[in-house]
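Here's the structure, in structure tokens; my notes come after.
When a ligand or atom number is given, it counts from 1 through the structure's own listing order.
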Amino acid sequence: MILHPSFDINGSGHLTVCGRDAVELAKEYGTPAIFIDEDAVRSACRMYKDAFARHFGGASSPVYAGKALCVKKLYEILREEDMMADCVSPGEIATAEAAGFDPGRVFFHGNNKSDDDIRYAVSRGIGHFVTDGVDELLALDRIAGEYGVKQKILLRIAPGIDPHTHKKIVTGSVDSKFGSAIETGQAEAVVRLAMTLPNVELDGLHCHVGSQIFDTEPFTDAADIMLRFIAHIKDTCGYEGTVLNLGGGFGVRYTEDDPAISYEENIGLVADEIDRTCRELGIDRPTIFMEPGRSMVAAAGVTLYTAGSVKEIPGFRNYVSVDGGMTDNPRYTLYQSRYTVVNASRASSPADFETTVAGRCCESGDLLAENVKIARPERGDVIAVLVTGAYNYSMASNYNRVPRPPVMFISKDGIKTAVRRETLDDMLALDE
Ligand code: LLP
């Protein structure tokens with residue numbers, strides 16, 4: 001196994017993905033192409049659902065954050081696995097619905113929903129809006145009124161935690177485009193406003209502290225701060241919500257240097273903290289939701305590329321260029337995110353060639369990894385970038401008019417195309 005159970009090496013010295021030879025996959029489906037291990041995604045759904053049932057019970061549930069990967073086939077799986085979902089745009093809602101996913105099981109997010117977005121979601125019968133602030137609340141009340149609907153909502157609250165530093169350094173996320181901060185008094189004001197509006201039903205509160213977080217503390221801190229706020233507004237406003245949604249953010253192992261964390265254990269620790277704090281404050285434990293995105297799909301995915309030019313610059317570094325790059329995976333360009341790269345054609349040869357893996361775009365920053373070690377590649381080798389199931393296809397673009405790759409789901413039962421490869425005709429389809 002390499003990093004995650006979906007990846008291994010076979011007798012031909014090739015990387016395998018979900019037991020299939022990556023070199024054969026590349027031959028059959030072309031490159032670049034994204035492969036997702038369907039069974040790994042289903043296992044993640046079951047792990048999260050079991051953990052929520054065990055630690056919280058009742059109506060508490062994991063909610064898949066669709067921004068990580070939003071394709072119809074995935075929503076079919078989520079529907080079959082009885083998951084809930086978080087959507088951030090009519091496009092994501094439409095994708096879920098096209099897969100038969102019940103909009104009543106969707107939380108609709110976003111810091112700037114337009115009136116049209118609000119109309120769309122209300123008319124589709126969305127389960128909950130996660131309402132960002134006063135502006136949206138007033139617009140939603142007006143539009144829900146037009147539809148004769150009393151729309152269920154959660155209010156997005158900024159608990160003031162910077163997950164990468166420490167809970168005492170709170171100003172970082174008070175200064176955020178998301179939510180209303182407790183510290184400034186705006187959170188309480190928005191709760192008071194929501195209580196007066198006839199066409200919204202305030203079911204509770206939401207917060208989200210960040211993404212790719214390995215520590216448990218930011219989540220337990222967030223739970224603690226939110227429960228104290230719930231107790232505070234119970235005292236000051238007479239409002240006691242029944243729902244607390246703690247957002248997403250569990251970290252995923254991209255390289256050997258990242259820790260392997262147990263999501264189940266983390267959920268248990270968050271549950272213990274919630275129970276302790278509720279007892280201390282004398283409040284009932286709310287229904288708990290969390291919104292994992294990355295940790296449900298990242299490790300199930302791999303992108304296969306074909307190596308093109310291999311350039312050795314004496315005294316500087318080596319470059320291997322592949323037939324994709326920032327168009328299918330902009331994460332290194334955007335965040336310098338580290339990845340595990342494998343020469344899938346020579347996976348059992350020594351990984352002793354230090355190289356930068358470059359994309360095909362006309363831009364020096366179009367890199368997938370810098371100074372990684374792989375088996376010395378030759379033009380035509382299949383190069384795999386592991387752990388690309390989340391925030392890759394969903395963030396892909398057509399920069400340089402490069403067509404986006406296909407997304408294939410692999411399981412024991414076979415390989416299904418979730419999204420076909422874009423063609424040059426697709427590329428021109430919107431041009432008048
Ligand atoms: N809920 C809310 C309200 C969120 O804003 C997010 C992520 C999630 C849930 C899911 O978080 P996750 O479990 O995936 O960490 N493009 C970036 C990640 C942006 C995350 C934005 N919000 C990346 O590629 O790393």
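- Nearest residue to atom 12 (P) of ligand 1 from G249, S394, G251 is G249 (criterion: closest heavy atom).
- Nearest-heavy-atom check against atom 1 (N) of ligand 1 across M290, E291, Q212 picks out E291.
- Proximity to R294 (heavy-atom distance under 4.0 Å) selects the following atoms of ligand 1: 12 (P), 13 (O), 14 (O), 18 (C), 23 (C), 25 (O).
- The protein atom (non-hydrogen) at minimum distance from atom 24 (O) of ligand 1 is R331 NE, 2.6 Å.
- Here is the list of ligand 1 atoms found below 4.0 Å of a heavy atom in G293: 12 (P), 13 (O), 14 (O).
- The ring of H109 has its center closer than 6.0 angstrom to the ring center of H206.
- Using modelled atom types, one finds no donor on one side chain facing an acceptor on the other under 3.5 Å when comparing Y335 with Q212.
- When non-hydrogen atoms are compared, ligand 1 lies under 4.0 Å from neither the backbone nor the side chain of F178.
- The pair D86-K67 counts as a salt bridge, with a side-chain nitrogen and a carboxylate oxygen less than 4.0 angstrom apart.
- Residues N266 and T216 bring a donor and an acceptor atom of their side chains to less than 3.5 Å of each other.
- Only the side chain of D86 comes within contact range of ligand 1, with a heavy atom under 4.0 Å; no backbone atom does.
- Atom 20 (C) of ligand 1 has its closest protein heavy atom at Y391 OH, 3.6 Å.
- The shortest N or O to N or O distance between H109 and ligand 1 is not below 3.5 Å.
- Listed by number with element, the atoms of ligand 1 under 4.0 angstrom from any heavy atom of M395 are 16 (N), 24 (O).
- One side chain, N329 or N392, offers a donor N or O that lies under 3.5 Å from an acceptor on the other.
- Listed by atom number, the atoms of ligand 1 under 4.0 Å from A65 heavy atoms are 8 (C), 9 (C), 10 (C).
- The residues R42 and D39 are annotated as not salt-bridged, no charged nitrogen and carboxylate oxygen being separated by less than 4.0 angstrom.
- For atom 22 (N) of ligand 1, the nearest protein heavy atom (residue, atom name, distance) is K67 CD, 3.6 Å.
- Those atoms of ligand 1 with a heavy atom of R156 less than 4.0 angstrom away are 3 (C).
- Heavy atoms of M296 found under 4.0 angstrom from ligand 1: none, in either backbone or side chain.
- A salt bridge does not link D366 with R360: every distance from a Lys NZ or Arg NE/NH1/NH2 to an Asp or Glu carboxylate oxygen is 4.0 Å or more.
- For atom 16 (N) of ligand 1, the nearest protein heavy atom (residue, atom name, distance) is Y335 OH, 2.9 Å.
- Under 4.0 angstrom from ligand 1, the non-hydrogen atoms of S211 come from both its backbone and its side chain.
- Ranking the protein heavy atoms by distance from atom 8 (C) of ligand 1 puts H208 CE1, 3.5 Å first.
- One finds no salt bridge joining E76 and R79 here, because no Lys/Arg side-chain nitrogen approaches an Asp/Glu carboxylate oxygen to under 4.0 Å.
- A salt bridge (Lys or Arg N to Asp or Glu O under 4.0 Å) with D426 holds for exactly one of R401, R404, R420; it is R420.
- Under a 4.0 Å criterion applied to the non-hydrogen atoms of P292, ligand 1 contributes the atoms 13 (O).
- Taking the ring centroids of Y48 and Y64, they lie at or beyond the 6.0 Å cut-off.
- Using a 4.0 angstrom heavy-atom cutoff, S295 does not count as in contact with ligand 1.
- Side-chain contact check for K49 versus E81: every heavy-atom pair is 4.5 Å or farther apart.
- Checked by atom type and distance alone, the side chain of N400 pairs as donor or acceptor with a backbone atom of C362 at under 3.5 Å.
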